[in-house]
Amino acid sequence: MKRYHTTFWGCQMNEADTQRVAAELEKLGYTYTDTAEEADVVVLNTCVVRQSAEDKVYGKLGALKPVKAARPDMVISVMGCLVGHSDKQAQALRKSWPLVDVFMGPSETRPLVDFLRARELDKAAEEFDLSTMVTRYQAQDEELVLPSQDRGRVLANVPIMYGCDHVCTFCIIPYRRGRERSRPLDEIEREVRSLARQGVKEVMLLGQIVDRYGYDHGDYQGLPRLLRRLNSIEELERVRFLTSHPNYMTQDLLETVAELPKVMEHINVPVQAGHDETLRRMKRGYTVEDYRRLIERIRATIPNVAVHTDIIVGFCGETDEHFQGTVDLLRDLKLDKVHLAKYSPRPGTVSAKIMADDVPAEEKERRHEVLNELQSEVGAEINARFEGQTVEVLVEGKHKGKWRGRTRNDKLVFFDDPSRDWTGQLAQVEITWTGPWSMQARLPQPRRAEREVIPLLSV
Ligand code: SAH
């Protein structure tokens with residue numbers, strides 16, 4: 001049982017404020033105790049109208065010193081007129097009374113509530129003890145011979161690492177897939193060489209946080225190094241990787257992508273939400289501003305890059321205002337593709353344990369629809385710029401009578417040509433029609449000038 005204690009000095013206003021704080025604490029599941037020494041959270045609401053009132057506060061804090069020393073988990077908050085609304089005063093107090101965790105001005109409750117919530121979050125995340133997780137690693141060093149139904153496939157997915165250590169509050173993956181562990185570089189290279197010999201032209205390198213590849217071995221240039229190795233495989237045409245976490249997109253990695261011809265101009269970097277409050281509760285470890293700057297840096301470093309992201313709508317506590325942050329972010333950044341998901345509590349995750357799934361299903365649906373509409377406009381606008389351009393497409397096969405493939409920056413393109421088999425080939429095609437999700441193209445037409453010139457020469 002979690003217990004709280006409050007003491008107040010001074011006027012009725014302080015009494016009322018103390019009551020409000022108590023109400024907030026009870027909402028968080030705390031019950032009252034009249035003994036400060038036994039409490040998990042102690043709130044002292046102060047008065048400075050007389051020196052004697054002030055002295056009483058210092059006396060109480062002095063008495064709590066040994067208690068806090070014995071129980072460092074105890075949270076002490078000092079609020080009211082001693083603190084006031086000046087940061088300077090709070091800073092001075094912080095210096096003299098380091099045992100106090102939270103200072104709040106008169107009538108404030110938020111700083112303490114936020115502090116306790118954040119602590120709960122950290123605790124719940126800590127409780128998930130990574131050391132108990134599976135770290136089994138089965139070497140995948142046998143040659144991977146594509147099973148019959150996959151023979152002749154142009155694309156292959158290649159896991160380069162397993163598990164995840166990040167414990168985002170919504171995410172069940174670490175609980176189920178164990179700790180982060182990278183496959184040895186040589187093993188991956190061997191596998192990709194073998195796949196290329198079997199006809200694979202493009203590989204998608206997979207990891208939960210793929211830009212951390214190698215970090216578990218202390219190799220912080222793991223992914224750039226791997227990309228270089230794969231870039232030198234002759235039969236292979238293209239390399240992509242998925243999914244990156246914003247915090248590990250080093251400049252070295254971006255420059256490597258820009259430099260290597262076989263590594264596509266295509267980055268998958270999920271933001272998940274466009275409001276700092278939501279990101280904090282998700283424990284993503286970056287702010288919206290950080291993400292905006294990252295996208296700028298990606299675009300400045302890799303010409304013609306396509307950026308994809310993931311979004312969860314309706315995460316616990318996401319208000320209309322928080323959601324609007326996501327709308328604004330996507331409208332400003334105009335990313336190439338957005339994978340949308342409606343928040344769903346997963347058993348065992350931190351969010352499922354300590355946060356209420358409080359956005360109603362219809363509201364999640366509405367938000368999903370809003371972003372879907374927005375992204376369809378953005379996609380249409382981006383793709384329209386390709387009209388009339390000639391692009392390189394790696395053809396994956398036939399779909400409803402047309403050749404289907406993707407550009408370097410992952411745009412889906414269809415074109416007609418009954419005369420030959422394009423599977424696995426790179427085609428240069430001219431875009432004739434664009435929509436939000438795909439484009440139509442044709443093989444380059446012989447240029448008119450040539451046709452006109454020939455008869456003149458032959459005269
Ligand atoms: N490693 C990736 C996430 C992999 S899960 C990352 O760092 O972002 C793929 C996507 O599923 C996530 O990006 C997220 O958008 C979505 N997702 C994960 N857990 C979810 C949940 N509980 N409810 C709804 N969507 C979720």
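The residues of the chain are indexed from 1 along the displayed sequence. Numbering of ligands and ligand atoms starts at 1, following listing order.
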Can you list the atoms of ligand 1 that are under 4.0 Å from a heavy atom of Gln272? 8 (O), 12 (C), 13 (O), 14 (C), 15 (O)
Considering distance alone, does some N or O of Thr243 sit under 3.5 Å from an N or O of ligand 1? no
Quick note on ligand 1: atoms under 4.0 Å from a heavy atom of Lys342 include exactly 23 (N), 24 (C)
N/O of Phe170 under 3.5 Å from N/O of ligand 1, yes or no? yes
Counting heavy atoms only, which part of Thr349 comes closer than 4.0 Å to ligand 1: side chain, backbone, both or neither? neither
Quick check: does Arg346 get an N/O under 3.5 Å from an N/O on ligand 1? no
Please determine if Arg420 forms a cation-pi arrangement with Trp422, meaning its NZ or CZ atom is less than 6.0 Å from the six-membered ring centre and no more than 45° off the ring axis. yes
Do we see a donor-acceptor contact under 3.5 Å between the side chains of Tyr291 and Thr309? yes
Say whether His166 and ligand 1 are in contact under the criterion: heavy-atom distance to a ligand atom below 4.0 Å. no
Mode of Met282 contact toward ligand 1 - side chain, backbone, both, neither (heavy atoms, under 4.0 Å): neither
Any chance you could lay out the side chain to side chain donor-acceptor pair (under 3.5 Å) test for Asp328 and Gln324, step after step, and finish with the verdict? CA-CA 6 Å; Asp328 294 344; Gln324 191 56 42; 3.0 Å; yes
To check your reading of the model: name the closest protein heavy atom to atom 17 (N) of ligand 1, its residue, and the distance in Å. Ile312 CD1, 3.9 Å
Just by modelled atom types, is the Pro159 backbone N or O under 3.5 Å from a matching donor or acceptor in the Arg183 side chain? yes
Within-cut-off N or O pair, Ser344 and ligand 1, under 3.5 Å: yes
Which residue owns the protein heavy atom closest to atom 13 (O) of ligand 1, what's the atom, and how far is it? Asp310 OD2, 2.5 Å
Could you tell me which atoms of ligand 1, counted from 1 in the order shown, lie closer than 4.0 angstrom to a heavy atom of Ile173? 4 (C), 5 (S)
Heavy-atom protein neighbour under 4.0 angstrom from atom 19 (N) of ligand 1: yes
Determine whether the aromatic ring centres of residues Tyr248 and Tyr220 are separated by less than 6.0 angstrom. no
Could you pull out, from Arg284, His339, Arg212, the option with a heavy atom nearest to atom 6 (C) of ligand 1? Arg284
Under the criterion ring-ring contact (aromatic ring centres under 6.0 Å, His included), I'd like the reasoning laid out for His322 against Phe315: C-alpha separation, chi angles, the key distance, then a yes or no. CA-CA 10 Å; His322 299 155; Phe315 185 63; over 10 Å; no
Hey, does Gln208 come in under 3.5 Å of ligand 1, counting only N/O atoms on both sides? yes
With side-chain hydrogen bond (donor to acceptor under 3.5 Å, both in side chains) as the test, pick out the partner of Arg225 among Asp219, Asp252, Thr256. Asp219
Would Ile172 count as a contact of ligand 1 if the rule is a heavy atom under 4.0 Å away? no
Within 45 degrees of the ring normal and closer than 6.0 Å to the centroid, is that where the cationic atom of Lys2 sits relative to Tyr30? yes
Is there a donor-acceptor contact under 3.5 Å linking the side chains of Asn409 and Thr407? yes
Answer yes if the side chains of Gln425 and Lys201 hold a donor-acceptor pair under 3.5 Å, and no otherwise. no
